[in-house]
Amino acid sequence: GYVLFIRSYISHKNNLLTTGSLPKKKALPKPQLEVQRMHITSLKRGIEANSKWILILEDDAIPSKGAFELVNKIAENFKPVNTWINLNSGAGLKRTMSDPPPDSFGLFQVTPAATRCVTAYLISKDLARKILGLVEKHGLPEWLPIDFILQAALRKTKARAFWQQPVSFLQGSEEGHYKSSLEGKRG
């Protein structure tokens with residue numbers, strides 16, 4: 001925790017995420033609200049499918065070579081019970097020395113449960129149902145990005161959360177693979 005706190009002074013890019021702080025209760029811009037609702041809609045549609053796992057990909061998820069084959073192997077070999085598997089890079093967050101070493105799929109459990117960003121993740125159907133139950137009960141705060149909402153939901157549901165390293169998907173907008181992500185960096 002101290003490392004992330006100290007890191008927040010060095011890089012202000014993801015200060016709220018690295019320190020665990022909440023953003024101000026100011027309405028998010030419309031595109032962020034749309035992303036929030038897209039994730040919830042995707043979870044609802046995923047529950048309707050005949051699978052124990054739901055794969056969610058944002059529009060800027062860039063798969064690595066063999067990403068989908070690896071995701072299929074994870075789904076075949078991993079127990080789909082109250083589980084979140086983060087498959088993407090994001091927020092500059094990496095495995096730390098206190099995290100267990102990755103398994104043969106590149107997965108390691110993070111405690112407490114946390115998202116890395118929500119560009120690409122595999123979620124067990126039962127956990128998706130629990131998260132949707134929380135959304136139904138509490139609503140979607142219009143001031144909280146989906147990354148924060150899902151992270152809070154993971155902790156509330158006592159989910160098992162895993163990250164992957166090396167990752168199967170890059171977050172294209174954060175990694176600078178799209179022109180739109182570079183425009184804010186120009187003088």
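Just so it is clear, the values below take in all heavy atoms, side chains as well, and ignore hydrogens, waters and symmetry mates.
Considering only residues two or more places apart in sequence or on other chains, W163 meets the side-chain hydrogen bond (donor to acceptor under 3.5 Å, both in side chains) condition with none of them. With sequence neighbours excluded, no residue forms a side-chain hydrogen bond (donor to acceptor under 3.5 Å, both in side chains) with T111. Annotation: side-chain hydrogen bond (donor to acceptor under 3.5 Å, both in side chains) contacts of Q36 (sequence neighbours excluded): none.
Applying the ring pair (Phe, Tyr, Trp, His ring centres under 6.0 Å) rule to pairs touching residues 88-117 yields nothing, sequence neighbours excluded.
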request  = Show your reasoning for whether side chain to side chain contact (heavy atoms under 4.5 Å, CB included) applies to N88 and S168.
outcome  = CA-CA 6 Å; N88 60 270; S168 291; over 6 Å; no
task = Decide side chain to side chain contact (heavy atoms under 4.5 Å, CB included) for W143 and K26; before the verdict, give the C-alpha distance in whole Å, the side-chain angles of both, and the deciding distance to 0.1 Å.
result = CA-CA 5 Å; W143 55 274; K26 178 182 168 195; 5.6 Å; no
key: side chain to side chain contact (heavy atoms under 4.5 Å, CB included) evaluation trace for L127 with L154   = CA-CA 8 Å; L127 179 56; L154 294 179; 3.8 Å; yes
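From Q171, atom CD reaches atom OG of S89 across 6.0 Å, with rounding to the nearest 0.5 Å. Atom NE2 of residue H138 and atom CD1 of residue I149 lie 12.0 Å apart, to the nearest 0.5 angstrom. Note that CG of D147 and OG1 of T115 are 5.5 Å apart. Values are rounded to the nearest 0.5 Å. To the nearest 0.5 Å, the span separating CG on L28 from CD on E34 amounts to 11.5 Å. Interatomic distance, CH2 of W84 versus CG of L150, reported as 4.5 Å (0.5 Å rounding). The structure places OG of S64 at 7.0 Å from CZ of F169, a figure rounded to the nearest 0.5 Å.
If you chain together hydrophobic residues whose side chains sit under 4.5 Å apart, L57 and V35 never meet in one group. Residue W53 is not grouped with residue I131 when hydrophobic side chains (ILVMFWY) are merged at heavy-atom distances under 4.5 angstrom, including chains of intermediate members. Linking ILVMFWY side-chain heavy atoms closer than 4.5 Å, directly or via other members, places L170 and L87 in two distinct hydrophobic clusters. In this structure, I56 is not a member of the same hydrophobic cluster as L134, with clusters built from ILVMFWY side-chain heavy atoms closer than 4.5 Å.
Side-chain contact between L55 and I123 is absent, with no heavy-atom pair separated by less than 4.5 Å. In this structure the side chain of I85 never reaches within 4.5 angstrom of the side chain of Q164, judged on heavy atoms. Residues V110 and F162 form no side-chain contact, since every pair of their non-hydrogen atoms from C-beta on lies 4.5 Å or further apart.
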Could you pull out all donor-acceptor pairs under 3.5 Å where a side-chain atom in residues 70-83 meets a protein atom, sequence neighbours excluded?
unit_1, atom_1, unit_2, atom_2, d
N72, ND2, F68, O, 3.3
N77, ND2, K73, O, 2.7
N82, OD1, K130, NZ, 3.0
N82, ND2, T157, O, 3.2
N82, ND2, K158, O, 3.0
T83, OG1, V81, O, 2.5
T83, OG1, R160, NE, 3.2
T83, OG1, R160, NH2, 2.8

Considering only distance and modelled atom types, tabulate donor-acceptor pairs under 3.5 Å from the side chains of residues 37-44, sequence neighbours left out.
unit_1, atom_1, unit_2, atom_2, d
R37, NH1, L33, O, 3.2
R37, NH2, E142, OE2, 3.4
H39, ND1, Y121, OH, 2.8
H39, NE2, E58, OE2, 2.7
T41, OG1, R37, O, 2.9
S42, OG, M38, O, 2.8

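K125 places a side-chain N or O within 3.5 Å of a backbone atom of S51 that can act as its donor or acceptor partner. In this structure, R95 contributes its side chain and P100 its backbone to a donor-acceptor pair below 3.5 Å.
Smallest separation of non-hydrogen atoms from A114 and A161: N-CB, 3.8 Å. Considering every non-hydrogen atom in both A61 and P63, the closest pair reads O-CD, 3.5 Å.
In the model, Q165 has a side-chain atom that pairs as donor or acceptor with a side-chain atom of R116 under 3.5 Å.
Atom CZ of R129 is surrounded by more than 12 heavy atoms from other residues, nucleotides or ligands within 6.0 Å.
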